[in-house]
Amino acid sequence: MTDHKNTEGLLPDPRMERVQKITNKKRPAQLLTTDGKHVLNVFFIPYHLEALVMYKKLDDSQCTRALSHSLVIVSAMHDMLHYLCAHARLGSSHARLGSRKMEFVSADWGGMEGVGADLRELKEQISFLSGPTDPVTVGEFLSLRRDVMFLELDTAIRHCMINTFLSTGNITAMKSIQDNVYHALPHLSNVQRPSIFNCHLSVPEPLEPRDIKAKAWYPWRSFCGRNGPFPLLHWPCYKIEYYIQLCLAGLNEVDRHVANGEILGVTLLMEDVLQTGHQEISLTGDQDEPESVKGSRGPSRAASRVDVHTPASNLARISVPLSLSRTQEPVESYRLLKFFLILWKWLEYIKTDWAKRKFQKEQIDNTMLHREVCKLYKTDILLPVLQNVARRLGQGELYEGIALDTEPLVMPRGASEIEVRSKQVGLPVNIVNVVLSYREL
């Protein structure tokens, strides 16, 4: 037997040595190197007077490239820090406030100690990037991480909270959130907000004005499309904390605890997605899919990228879960989470549109109608999808004899949230695999 205390011949992990070296090293008070080709300290934001003389010894093209990399990194760090501070302030409890009067929306999540933990995690994630000092790699990762943070908040508020309040009959809280998010969430998202100068010259789809590619390919359209109606006359200062608090401003203390649970639920579901990872799934046919799912499929841009010459022997019913780590595989993890959150939003919008058409209603805004919608969706869409997944995993008897009116539908053991939601949306799983393999989502 091997003596576990004997460390002779064992070598330390070089990646962990690099992490410790970067973590313990005192970071310089400089964002990029003098030539603008390497990242030194992403937590250092240059003072506005310092920005006037940065890279002054470089030629015009190199100076432009270095300033562009600096702006990408600083803007992503600015948004994430504002979000973390807003989330921490949002979660300040009465015990922390003491005798001071509470002048802002509060719940029981967050706390100032969470900001330091997130920043330490961010530092470790950067050290595990393929190019931890490459400004392009670091900028793309920070932008991806920022998008996931705001998508998570948007999904929790726009869909989870509203559905929970509607299902429990709390119409007042539901309408309060609906009215507030109409003004708040567009300022926290990548939605196109064109100026009056380019109403008919927007960034072409599927790009958004804040995307890195849109800024590179269409710089003027991107600038005018993301800075409001008067980008050259009035520079909008986005108040991230103000807009986050505005979403929950109309809730009472009990409703804020419900909101706390919904935000926590989205976070835990994202962790489950990472644990399940990206499952390489290929199906030989769609015989088991419901007709409503088959009929909802339309032409997809990703469909043209699927290799039509794949041998039939590779189209087997297999599932290989590949769990991901936020720290050691940061880009792959956040790319998967971003795709999952966007897929979730697709499903919610399609479900709402399906319900309006099915029941011929303008809005689903009362509890009784919402319960009827959930019951019919559960029977016509969700159950056939889960039965299809369960048969593929060898659990075909899981839903036999189930009472749909009273018993909840549980996920088959080993099933992926991405697979179940993509089947409800109507996306072929092989197209999902191709989309996840892209560098940019």
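Position 1 is the first residue of the sequence, and the numbers go up from there.
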Exercise for review: Please report the C-alpha distance between F150 and H187 in whole Å, then the side-chain angles of each, then the deciding distance to 0.1 Å, and finally whether the ring-ring contact (aromatic ring centres under 6.0 Å, His included) criterion is met.
Suggested key: CA-CA 11 Å; F150 285 101; H187 294 278; over 10 Å; no
Review point. Has the side chain of D211 got a donor or acceptor atom that lies under 3.5 Å from a matching backbone atom of A214?
Key: no
Check your understanding: Counting N and O atoms only, with roles assigned by atom type, does the side chain of Q424 sit under 3.5 Å from a partner on the main chain of V385, one being a donor and the other an acceptor?
Key -> no
Check your understanding: Where the side chain of Y399 meets the backbone of V410, is there a donor-acceptor pair that is under 3.5 Å apart?
Key -> yes
Review point. Less than 4.5 Å apart, any side-chain heavy atom of K356 and any of Q363?
Key: yes
**Study point:** Check: Y377 ring centroid to H370 ring centroid under 6.0 Å
**Key:** no
Review point. Is it true that a side-chain atom of T367 and a backbone atom of L166 form a donor plus acceptor pair closer than 3.5 Å?
Key: yes
Review point. Given side chains that start at C-beta, do those of M270 and L274 come closer than 4.5 Å, heavy atoms only?
Key: no
Check your understanding: Is atom CZ of F359 surrounded by more than 12 heavy atoms (other residues, nucleotides or ligands) closer than 6.0 Å?
Key -> yes
Review point. Checking T276 side chain against V273 main chain: does a donor-acceptor pair fall under 3.5 Å?
Key: no
Point to revise | Side-chain heavy atoms of L336 within contact of I418, under 4.5 Å | key: yes
Exercise for review: Please name all residues satisfying salt bridge (Lys or Arg N to Asp or Glu O under 4.0 Å) with E50, sequence neighbours left out, ordered by chain then number.
Suggested key: none
Review point. Who passes salt bridge (Lys or Arg N to Asp or Glu O under 4.0 Å) against D154, sequence neighbours left out?
Key: R158, K345
Exercise for review: Give a yes-or-no answer on whether the side chains of T267 and E152 include a donor-acceptor pair shorter than 3.5 Å.
Suggested key: yes
Check your understanding: Taking side chain as C-beta onward, heavy atoms only, is L31 less than 4.5 Å from H69?
Key -> no
Point to revise | Under 3.5 Å donor-acceptor, R326 side chain and S333 backbone | key: no
Point to revise | Expected output: side-chain R391 to main-chain G396 donor-acceptor under 3.5 Å | key: no
**Study point:** Side-chain (N41) to main-chain (A29) donor-acceptor, under 3.5 angstrom
**Key:** no
Check your understanding: Distance-only, no hydrogens or angles: does the S127 side chain make a donor-acceptor pair with backbone N or O of E124 under 3.5 Å?
Key -> yes
Check your understanding: Do E262 and N163 come close enough that some side-chain heavy atom pair is under 4.5 Å?
Key -> no
Check your understanding: Does a side chain donor of either E241 or Q245 reach within less than 3.5 Å of an acceptor in the other side chain?
Key -> yes
Practice item. Indicate yes or no for a side-chain donor-acceptor contact from Q30 to the backbone of L32 under 3.5 Å, with no hydrogens or angles considered. Key: yes
